[in-house]
J.: 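Can you keep this structure in mind? I'll have questions shortly.
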Number of protein chains: 2
Amino acid sequence: MIMEPRLYTTSADYVYQELRHQIITKQLKPGQRLPEVNIAVQMGVSRTPVREALRRLASEGLVLIIPNSGARLASPTRREMEDTYAVREQLECISVAIAATRISERNLRRLEDAILEEEKAFEEKNLELYLEINENFHRIIAEASGNRVLADFVENILARTNAYVVFYDPFYDIEDNPSIAQHRAIAQALKEREREKAVDLMREHLKHSFYDLNKPS
Amino acid sequence: MIMEPRLYTTSADYVYQELRHQIITKQLKPGQRLPEVNIAVQMGVSRTPVREALRRLASEGLVLIIPNSGARLASPTRREMEDTYAVREQLECISVAIAATRISERNLRRLEDAILEEEKAFEEKNLELYLEINENFHRIIAEASGNRVLADFVENILARTNAYVVFYDPFYDIEDNPSIAQHRAIAQALKEREREKAVDLMREHLKHSFYDLNKPS
DNA sequence: GAATTTATGATAGCATGCATGTATTCATGT
DNA sequence: ACATGAATACATGCATGCTATCATAAATTC
């Protein structure tokens, strides 16, 4: 499989993206220790950018840093996941509510594009790409709210939840994944400026996503 | 005035706290450039911990980092403040709602203690201390929700808003600052497990705080 | 033999020097 | 006078060596 070429401006950024990649592709396991030197050597950079990437991941809850002791990959409990989704629901519902009143034509088109790409990635069973575009869908809505702070927070919580998806290794039934249909419904509601409807659909969508995570895999 | 001794474990932590201190005490001005070397020399440490502190402040929206160019202190517009408070309202209302159902006796006592300290700091006109304890009040409620992720997010948004207080230089009328009375009312509602009431009071409290920021100073 | 102390190894935290990229200034030409 | 471009100063990004701290294991004492 040909990977999308990773774009990055700095080494720290590269390490950050690479670590996320390794998390998504399960090369790293929950709770695993992440010594700076190991990562530095493996990625051919020095410890400095590694430290920076680890702290960024820590701010997203994906990595746990114990002062003077080291970093390890998070191993979220079911409880932590519930908590995360509770926050995500709050943020995304307000996000979609505001977006419903002020989303631009351009962003509506971006949403539709995202849905198309999403279908493609899903059919190709490219989980990493699918997650990335899924993230994009939600990101576009957050941006469309016009509230920059809200968008930042949504960004953070997306980083958390999409990694959790992998930690909990859900079974995606190719015959029955309602997620994309739900996205389409949300996009439609936004297009029609149906605020309440969009919020309800989003809430339903997130509840379902969370439920999916907890299905036996 | 005798300052509370700052406790810190690492140099990076020291720089972080010291920078926040300088922001709160208006030694730094919105939009001001923050070159790593200057800060490093001034604080008697190397650039490394300074970089770390700056990035942490950036994650709290207090500092803007432009890659390869440098960091500067944020200069939030009124719009950004509105946005921040909108998010804060969401997070704190859900926070207090959950806390109302499960706050412990111990945390109720901590709330009361915070209110007492707060009154003292206000009477002494110690703005920095007052802000710190004010922050504590909200932090305790967030922790009492039992949702760690939520508490993290509240922590982040508290860091933002309390610096904004200084950026916008509000006039605190010593005769008429309803904030502490509002805190007392919220604590009372929590004690009585009056969920809806606590949420309404919190919303009112935040609306008022935001309004205060926008009074002519 | 258990507990406490001591030694040893390993890792994060910090300082510093070098490389790279950016902003400013000044010269040059139109 | 203004625009353009080169040169210079400056700040960040990264690498590397050193130091402080923590965890583990060995040793000594009771």
Side-chain angles (χ1 to χ4, degrees), chain A residues 5-23 27-75 152 159, chain B residues 5-23 27-75 152 159:
Chain A
R6 262 162 237 292
L7 299 178
Y8 49 86
T9 50
T10 65
S11 295
D13 220 53
Y14 165 68
V15 174
Y16 169 77
Q17 292 192 34
E18 186 60 27
L19 280 175
R20 287 216 59 173
H21 171 67
Q22 293 189 6
I23 294 172
Q27 295 171 51
L28 300 175
K29 302 206 182 311
Q32 175 178 342
R33 295 192 61 180
L34 302 171
E36 294 174 0
V37 261
N38 294 16
I39 300 168
V41 170
Q42 182 200 333
M43 302 197 183
V45 299
S46 79
R47 285 171 47 216
T48 312
V50 173
R51 281 176 67 82
E52 199 173 312
L54 285 175
R55 298 191 183 258
R56 188 166 162 202
L57 288 166
S59 78
E60 292 167 349
L62 298 184
V63 157
L64 192 68
I65 292 181
I66 300 157
N68 278 319
S69 170
R72 49 184 38 186
L73 195 55
S75 54
D152 279 357
Chain B
R6 264 160 236 292
L7 298 179
Y8 49 85
T9 50
T10 65
S11 296
D13 220 52
Y14 163 68
V15 175
Y16 169 78
Q17 292 192 36
E18 186 59 28
L19 280 175
R20 286 215 62 173
H21 170 68
Q22 293 190 5
I23 294 172
Q27 294 170 53
L28 300 176
K29 303 205 181 312
Q32 174 177 344
R33 294 190 64 179
L34 302 172
E36 293 173 1
V37 261
N38 294 18
I39 300 168
V41 170
Q42 181 200 336
M43 302 196 186
V45 298
S46 78
R47 283 174 47 214
T48 311
V50 173
R51 281 176 67 83
E52 198 172 315
L54 285 175
R55 292 181 190 267
R56 189 166 160 202
L57 288 166
S59 79
E60 292 168 349
L62 298 184
V63 158
L64 190 68
I65 292 180
I66 299 158
N68 277 318
S69 169
R72 50 185 39 188
L73 194 56
S75 54
D152 279 357

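By convention in this document, chain letters (A, B, ...) are assigned in the order of the sequence lines, proteins followed by strands, and residues within each chain are numbered from 1. Side chains included, hydrogens not; waters and symmetry mates left out as well; all remaining heavy atoms used.
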J.: Nearest to the A:E36 side chain among D:dT12, C:dT22, C:dG13, which nucleotide is it?
T.: C:dG13
J.: Any sub-3.5 Å donor-acceptor pair from B:R56's side-chain atoms to A:R55's backbone N or O?
T.: no
J.: Write down the distance between CG (A:L34) and C1' (C:dA12), rounded to a whole number of angstrom.
T.: 14 Å
J.: Mind calculating the distance between CD1 (B:I65) and C1' (C:dT22) to the nearest angstrom?
T.: 16 Å
J.: Roughly, in whole Å, what's the span from CG in A:D13 to C1' in D:dG13?
T.: 12 Å
J.: Could you state the CD1-C1' distance from A:I66 to C:dA10, rounded to the nearest angstrom?
T.: 15 Å
J.: Between B:R33 (CZ) and D:dA11 (P), how many Å, whole number?
T.: 7 Å
J.: Compare the minimum distances between each of D:dA11, C:dC14, D:dT21 and the side chain of B:A12, then state the nucleotide with the smallest one.
T.: C:dC14
J.: So if I apply the side-chain contact (heavy atoms from CB on, under 4.5 Å) rule between B:L62 and each of B:L54, B:L57, B:L28, which one comes out positive?
T.: B:L57
J.: With rounding to the nearest 0.5 Å, note down the distance linking CD in A:E18 to CD1 in A:I23.
T.: 10.5 Å
J.: Is A:S11 close enough to D:dC14 that one of its side-chain N or O atoms is under 4.0 Å from OP1 or OP2 there?
T.: yes
J.: Take the protein atom OH of A:Y16 and the nucleotide atom C1' of D:dC14, then report the distance between them rounded to whole Å.
T.: 20 Å
J.: Using a heavy-atom distance cut-off of less than 4.0 Å, which residues of residues 44-57 of chain B contact DNA chain D?
T.: B:R47, B:R51, B:R55
J.: Would a 4.5 Å heavy-atom cut-off, applied to side chains only, mark B:V15 and B:E52 as touching?
T.: no
J.: C:dT22 C1' sits how many Å from B:R72 CZ, rounded?
T.: 13 Å
J.: Between atom CD in B:Q32 and atom P in D:dA11, what is the gap in whole Å?
T.: 13 Å
J.: When rounded to the nearest 0.5 angstrom, what is the spacing between CG in A:L19 and CD in A:Q42?
T.: 8.0 Å
J.: Any non-hydrogen side-chain atom of A:M43 less than 4.5 Å from a side-chain atom of A:Q22?
T.: yes
J.: C:dA23 phosphate, OP1 or OP2: any side-chain N/O from B:S69 under 4.0 angstrom?
T.: yes
J.: With a 4.5 Å heavy-atom cut-off, do B:V50 and B:L34 have their side chains touching?
T.: no
